[in-house]
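Basis for what follows: all heavy atoms, side chains included, without hydrogens, waters or symmetry-related copies. Below, chain A is the first sequence line, B the second, and so on; all start at residue 1.
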Amino acid sequence: MQHERALAGTRIEDLRSQIASHDYRYYVLDRPTISDAEYDGLMRELRTLEQRFPDLVTPASPTQRVGGKASALFAPVEHPSPMLSLDNVFSTEELQTWLGRLQRAVGNHLDFVCELKIDGLAVSLIYHNGVFVRGATRGDGRVGEDITANLRTVRSIPARLQGSQHPTLLEVRGEVYQPISVFERLNRELAERDERPFANPRNAAAGSLRQKDPAVTAARGLSFWCYGTDAGAGRTARALRHSEDLDYLGSLGLPVNPNIERASTLEQVAAYCAKWQAHRHDLDYQIDGVVIKVDHYRQREDLGATSRAPRWAVAFKFPPEERTALVRRIAVHTGRTGRVTPYVELEPVHVGGVTVTSATLHNEDDLRRKDVREGDTVIVHRAGDVIPEVVGPVLEKRPPGTPAWTFPTQCPACATPLVRKPGEADWRCPNRKACPSQTVEWLCHFGSPDALDIEHLGYQTVTALMERGLLADPADLYALDATHLVQLPGFAEKSAQNLLDAIAASKQRPFWRLLVGLNIRRVGAHVAQLLAQRFASLEALATANLEDLQSVEGVGPEIASAVHEWFRDRENSALVKKLVQAGVRVADEPAGGPVGPRPLDGKIVVITGTLPTLSREEATALARQAGARVTSSVSNKTSFVVVGQEAGSKLAKAQELDIETLDEAEFLRRLSRVAPRTHE
DNA sequence: GATCCTCGAGTTCT
DNA sequence: CTCGAGGATC
């Protein structure tokens with residue numbers, strides 16, 4: 001026990017000094033070197049140790065204070081009652097534990113108010129007879145800084161309260177933040193002037209509030225949500241419940257967030273948390289969690305507070321979207337076109353709800369720019385909340401003597417020396433015919449939904465077939481039979497038949513899909529459709545000369561010569577023959593039948609986010625049928641953008657360019673609207 | 001020759 | 001989603 005206590009003492013000292021240095025980086029330098037979650041982790045460990053050994057707690061421990069420290073620039077202001085911080089929970093289980101403890105402590109039924117935890121800066125506003133007279137930062141919770149002049153420039157903070165009856169003194173608490181749309185616009189402007197952009201809206205808001213010149217603050221487009229009259233026992237005299245006070249504050253013209261909800265069961269609280277975790281990006285401000293508060297003031301008083309946090313409220317923190325991870329290894333992979341892509345293998349890390357183990361680095365230049373090395377600790381996030389991306393290394397954590405990573409000179413799959421043409425960004429494996437990696441990837445691509453869409457033909461099956469010598473090019477697929485397939489691990493009659501059916505079905509796909517499957521450089525879905533429209537058959541395309549090819553709009557010299565060369569190759573010609581013999585469709589049926597109404601003729605449409613009933617593909621097909629061109633990026637030429645749930649940068653772009661946006665219902669209405677009606 | 005739009009290709013995890 | 005690069009356009 002004595003030994004354990006000594007160990008704990010050392011660790012506690014260590015944690016305190018780490019936390020102090022991170023505080024400095026975060027609050028003073030505005031340049032944190034660890035993620036918020038890791039910081040929380042350090043604090044938790046410290047708190048746990050201090051709970052086990054209470055005699056090691058000192059007043060100077062970071063667990064004993066509430067927030068950052070006041071700076072000398074602005075006059076100190078003592079808060080009427082301390083602005084406490086909140087205890088955190090990080091999962092539904094912890095939330096349940098917290099609720100259970102409260103339930104037992106109170107003994108009665110509990111009502112809650114659930115609010116969004118805005119990622120901004122907590123401030124206190126004083127209204128004297130309805131007039132805004134003073135505003136302060138939270139500071140260390142007891143004493144903050146007087147930033148009245150700067151807060152006066154925030155438009156959503158009323159200078160005067162509405163109505164005629166006001167208490168002599170009203171303290172309003174809330175969060176100042178910078179809307180994401182404003183943040184993005186300002187950062188673009190900074191970038192244009194080659195100035196250092198803000199790391200995130202929170203830092204931008206913090207920096208803006210600490211300006212000496214209020215005119216600068218005014219230009220930063222800050223906004224405000226109010227979340228209560230007081231975080232302590234204080235309250236307006238007239239209300240029994242927090243929710244009443246929120247309504248009251250709203251009636252005074254103060255901005256109360258519209259997404260606040262009341263709840264009375266764990267299920268309701270958990271559902272609120274889950275809902276906003278999923279929809280956090282639908283908002284124009286950053287939130288990092290949900291705050292759950294006991295509604296009745298009477299019950300709050302019974303529960304009381306510790307020195308740093310009230311017992312009647314808790315913050316449910318979302319899993320962070322940015323974490324650090326250790327780079328185990330940097331390696332490269334050869335894709336179906338021979339492009340060699342570097343990627344990092346990471347110690348598994350949870351980011352935004354999933355475990356990430358690897359991330360791409362795109363190419364040599366990207367890797368150099370970021371200067372990621374094996375053994376580095378890197379910051380990882382999920383771009384657009386989906387694709388893991390390495391932001392960059394944490395240089396402080398790089399072990400001394402770590403060498404820079406050098407790009408391999410040989411293909412990892414076939415050992416052929418790699419080449420990088422001057423002026424190009426990619427290293428390539430030139431072993432087009434015999435590189436096993438290129439072949440596997442090609443065969444997978446052939447069966448992918450972008451090409452011939454062969455269900456049940458995945459990476460594993462392809463590899464297994466290749467190992468057994470049953471598959472060397474796509475045409476071999478059409479020679480497979482059940483006796484071959486049942487040799488494969490995990491293949492019984494049923495699954496063999498499924499795959500055979502899928503392969504058979506792929507013979508009848510539109511001609512352009514076959515073109516995509518052939519793996520001709522620079523020929524994807526779009527170009528393949530252009531070519532198929534013009535040349536209608538594989539035969540016609542194969543015999544076309546460079547001029548014929550270039551005469552197609554959208555096909556220039558590069559694409560033309562890529563196609564031309566592909567068909568001049570002897571092995572490729574042999575493959576074409578094999579495919580024809582196998583009975584794969586190599587020409588489109590002549591266009592027949594009446595053309596339907598084309599209400600979207602000439603429109604350029606972008607579809608983004610998840611639509612309520614249509615899949616992206618269905619919506620695309622419908623728009624095309626109606627005569628529209630469907631593209632993937634928003635520009636000045638875009639006619640309108642169809643917006644679903646979780647729409648990201650494209651929606652922002654549309655708003656910026658002032659391009660019309662529609663929801664699915666409106667989109668469908670326009671589809672059915674027959675342009676000029678000719679007869680009944 | 002520069003600029004804007006698009007497209008192709010590779011990508012992660014469940 | 002991100003990057004690089006081809007094609008159209010002025």
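- Comparing C:dG4, B:dT11, C:dT2 against the side chain of A:His362 picks out C:dT2 as the nearest.
- Counting only heavy atoms from C-beta on, A:Thr355 has its side chain closest to B:dT14 among B:dG10, B:dT14, B:dT12.
- With hydrogens and angles ignored, the 3.5 Å screen pairs no side-chain donor or acceptor of A:Asp450 with any backbone N or O of A:Val516.
- The distance between atom CD of A:Glu553 and atom C1' of C:dT9, rounded to the nearest whole Å, is 11 Å.
- The number of heavy-atom neighbours closer than 6.0 Å to CD of A:Glu455, taken from other residues, nucleotides and ligands shown, is 12 or below.
- Here the C1' atom of nucleotide C:dG6 and the NZ atom of A:Lys421 are 15 Å apart, to the nearest Å.
- When the nucleotides B:dT12, C:dG7, B:dG10 are ranked by their closest atom to the side chain of A:Arg339, B:dG10 comes out on top.
- Side-chain proximity of A:Glu424 to the nucleotides C:dA5, C:dG7, C:dA8 is greatest for C:dA5.
- Set against C:dG6, B:dC13, B:dT11, the side chain of A:Thr360 has B:dT11 as its closest nucleotide.
- Listed pair A:His445 / B:dG10 fails the phosphate criterion, with no side-chain N or O lying under 4.0 Å from OP1 or OP2.
- When the C1' atom of C:dC3 is taken as reference, atom CG of A:Asp365 falls 11 Å away, rounded to whole Å.
- Between the P atom of B:dT11 and the CG atom of A:Leu367 lies a distance of 14 Å, rounded to the nearest Å.
- C:dG7 atom P lies 12 Å from atom CZ of A:Arg521, rounded to whole Å.
- To the nearest angstrom, P of C:dG4 lies 12 Å from CG of A:Leu361.
- When the P atom of C:dA5 is taken as reference, atom CD of A:Glu558 falls 11 Å away, rounded to whole Å.
- Side-chain atoms of A:Glu571 do not come within 3.5 Å of backbone N or O of A:Lys433 as any donor-acceptor pair.
- Checking C:dG7, B:dT12, B:dG10 against every side-chain atom of A:Ile559, the shortest atom distance belongs to C:dG7.
- Of the candidate nucleotides B:dT11, C:dA5, C:dT2, C:dT2 has the atom lying nearest to any side-chain atom of A:Glu389.
- Comparing B:dC13, B:dG8, C:dG7 by their closest approach to the side chain of A:His526 singles out B:dG8.
- The neighbour count for A:Arg368 CZ, taken as heavy atoms of other residues, nucleotides or ligands under 6.0 Å away, does not exceed 12.
- OP1 or OP2 of B:dT12 has not a single side-chain nitrogen or oxygen of A:Thr357 nearer than 4.0 Å.
- The A:Arg369 side chain lies nearest to C:dG4 when the options are B:dG10, C:dG4, C:dA5.
- When the P atom of C:dA5 is taken as reference, atom CH2 of A:Trp427 falls 14 Å away, rounded to whole Å.
- Here A:Arg522 does not reach the OP1 or OP2 of B:dG8: none of its side-chain N or O atoms lies under 4.0 Å away.
- Closest to the side chain of A:Arg336, out of B:dC13, C:dA5, B:dA9, is B:dA9.
- Using a 4.0 Å heavy-atom distance criterion, A:Asn363 is classed as a sugar-phosphate-only contact.
- For residues 417-452 of chain A, the set of pairs meeting the ring pair (Phe, Tyr, Trp, His ring centres under 6.0 Å) definition, not counting sequence neighbours, comprises A:Phe407-A:Trp427.
- The one candidate from A:Arg509, A:Arg513, A:Gln508, A:Lys507 that meets the side chain to side chain contact (heavy atoms under 4.5 Å, CB included) condition with A:Arg585 is A:Gln508.
- Among the atoms of the strands shown, only primed sugar atoms or phosphate atoms (P, OP1, OP2) are found under 4.0 Å from some heavy atom of A:Asn636.
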